[in-house]
Undergrad: 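For reference, the structure I am asking about is given below.
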Amino acid sequence: MEWKGRDIISIRDFSKEDIEFVLETAERLERELREKGHLEYAKGKILATLFFEPSTRTRLSFESAMHRLGGAVIGFAEASTTSVKKGESLRDTIKTVEQYSDVIVIRHPKEGAARLAAEVAEIPVINAGDGSNQHPTQTLLDLYTIKKEFGRIDGLKIGLLGDLKYGRTTHSLAEALSFYDVELYLISPELLRMPRHIVEELRERGVKVKETSDLEAVIGELDVLYVTRIQKERFPDEQEYLKVKGSYQVNLAILAKAKENLKVMHPLPRVDEIHPEVDGTPHAIYFKQVFNGVPVRMALLGLVLGVI
Amino acid sequence: MAELKVSAIREGTVIDHISAGKGLKVIEILGLGRLNGGAVLLAMNVPSKKLGRKDIVKVEGRFLSEEEVNKIALIAPSATVNIIRDYKVVEKFKVEVPDVIEGILRCANPNCITNHEYVTTKFYVINKEPLKVRCYYCERTMEEDEILANL
């Protein structure tokens, strides 16, 4: 697989070998970073971060990754401060920005925007989330986190909790986990169940999938509980949101029924779906998960730039 | 089999073996109902050895583009196209659902970038019978009903 110049748009474009290679590269870079404090692989290279909708975490994580590789960053954090407000097309924005940079990271509210950007641009494009479709770098850092915690992914029982209908992180993660020998528990209110076509694909690929709305009934079986926020902004109808708002809260009472080594993950930001009292327990690994975004994104940036 | 109650055409196209009930949709998506065109003959629900019942569309003085043939394939994958010259069939072929559908179908996802920017749509066919496609851009899958509504 040629990584230099490659676009990172969808987890569907990855093979298991690709995923494993990214995780191994991230591990190597994390080790090097710890030893040397600062790396110079991307010296002289410029990353453009185009965030057409807000996402402090993902943007800062990419920026941090590029700085840690010794590169520089330009970009914007919201579309309202750009020529998009004047009616500029995405195509034109991309054609312009690629003149200033070596790699583009894009977050956009429309599904398929990253794929379009990749078609237009001659430099590599990395998808940092397109609507409710894909967020492949989040998925890779989620896998990296699971692997770091357990030393493996195979054989684990993994629960995805919350908004499985609109939550792109759970869609991508479920697809990526289908490469591994895992059991998936899809836990959500009826209204927010995982789209049928994804569940069918998972089953076709041999993943054992269990769907339920009862967290308490299954928490004792899980090794990983991946919690997601019920995202008001993704609902086409606010009434629908109000019906499911606050459906779940992971707290100490629920965790009392969990395995001792259950790890609770969350792509963040959270609102009230994990009580802050959980933060101090060994179950909580969501801030480590945030940290893991940096080496994983360093690996991706370095690979597509062809500098590592 | 009973003789078909539609007259032969001198020059044009006969679309045969359309699954029963889809003939009107074929006329609609090819824009054959417009005025100023040649005669269009539709036979619905006629007996067929292959299909039990079928529809037939005869279009006088008109030949189909590749894009139009691909559109027919999406609606009626069993259809055959006959090119008629001087009352004789000079060419006959079966329509085929392509592996990739470009430009002729809109994405049913209102939030797909293709519904907001100038983009030639592209879909991968993931199943031909029943038809199921996936948008190259937003990755949403569409099944037959949605495909027909977005042609």
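Because the structure is predicted, anything quoted here is derived from the model rather than measured. In what follows, chains carry the letters A, B, and so on, assigned in the order in which the sequence lines appear, proteins first and then strands, with residues in each chain numbered from 1.
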Undergrad: How far does CD1 of B/I113 sit from OG of A/S89, to the nearest 0.5 angstrom?
TA: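 Between atom CD1 of B/I113 and atom OG of A/S89 there are 9.5 Å.
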Undergrad: For the SG atom of B/C138 and the CG atom of A/L116, what is their distance to the nearest 0.5 Å?
TA: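 B/C138 SG to A/L116 CG: 12.0 Å, rounded to 0.5 Å.
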Undergrad: Nearest heavy-atom pair of A/N133 and B/Y137: which atoms, and what distance?
TA: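 That closest heavy-atom pairing would be ND2-O, 4.0 Å.
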Undergrad: So how far is it from B/H116 NE2 to A/E111 CD, rounded to the nearest 0.5 Å?
TA: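 Atom-to-atom, B/H116:NE2 and A/E111:CD are 8.5 Å apart.
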Undergrad: Please step through side-chain contact (heavy atoms from CB on, under 4.5 Å) for the pair A/E119 and B/V119, ending with a clear verdict.
TA: CA-CA 11 Å; A/E119 286 212 326; B/V119 187; 5.6 Å; no
Undergrad: For A/S10 and B/E139, what are the C-alpha separation, side-chain angles and deciding distance, and is it a side-chain contact (heavy atoms from CB on, under 4.5 Å)?
TA: CA-CA 9 Å; A/S10 167; B/E139 304 190 8; 2.8 Å; yes
Undergrad: Decide, yes or no, whether a salt bridge links B/E117 with A/R91 under the criterion of side-chain N to carboxylate O below 4.0 Å.
TA: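 Salt bridge absent between B/E117 and A/R91.
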Undergrad: Step by step, work out the side-chain contact (heavy atoms from CB on, under 4.5 Å) result for A/R12 and B/R134.
TA: CA-CA 12 Å; A/R12 282 178 194 278; B/R134 174 179 293 126; 3.1 Å; yes
Undergrad: Is the count of non-hydrogen atoms from other residues, nucleotides or ligands lying under 6.0 Å from B/K88 atom NZ greater than 12?
TA: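 No, NZ of B/K88 has 12 or fewer neighbouring heavy atoms, counting only those of other groups under 6.0 Å.
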Undergrad: Taking C-beta and beyond as the side chain, do B/N115 and A/K110 meet within less than 4.5 Å on heavy atoms?
TA: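 A side-chain contact is absent here, since even the closest heavy-atom pair is not under 4.5 Å.
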Undergrad: Taking atom CD of A/E201 and atom OG1 of B/T141, what is their separation to the nearest 0.5 Å?
TA: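 The OG1 atom of B/T141 is 7.5 Å from CD of A/E201, to the nearest 0.5 Å.
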Undergrad: Does the pair A/R196/B/E143 count as a salt bridge with the N-to-O cut at 4.0 Å?
TA: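 Salt bridge absent between A/R196 and B/E143.
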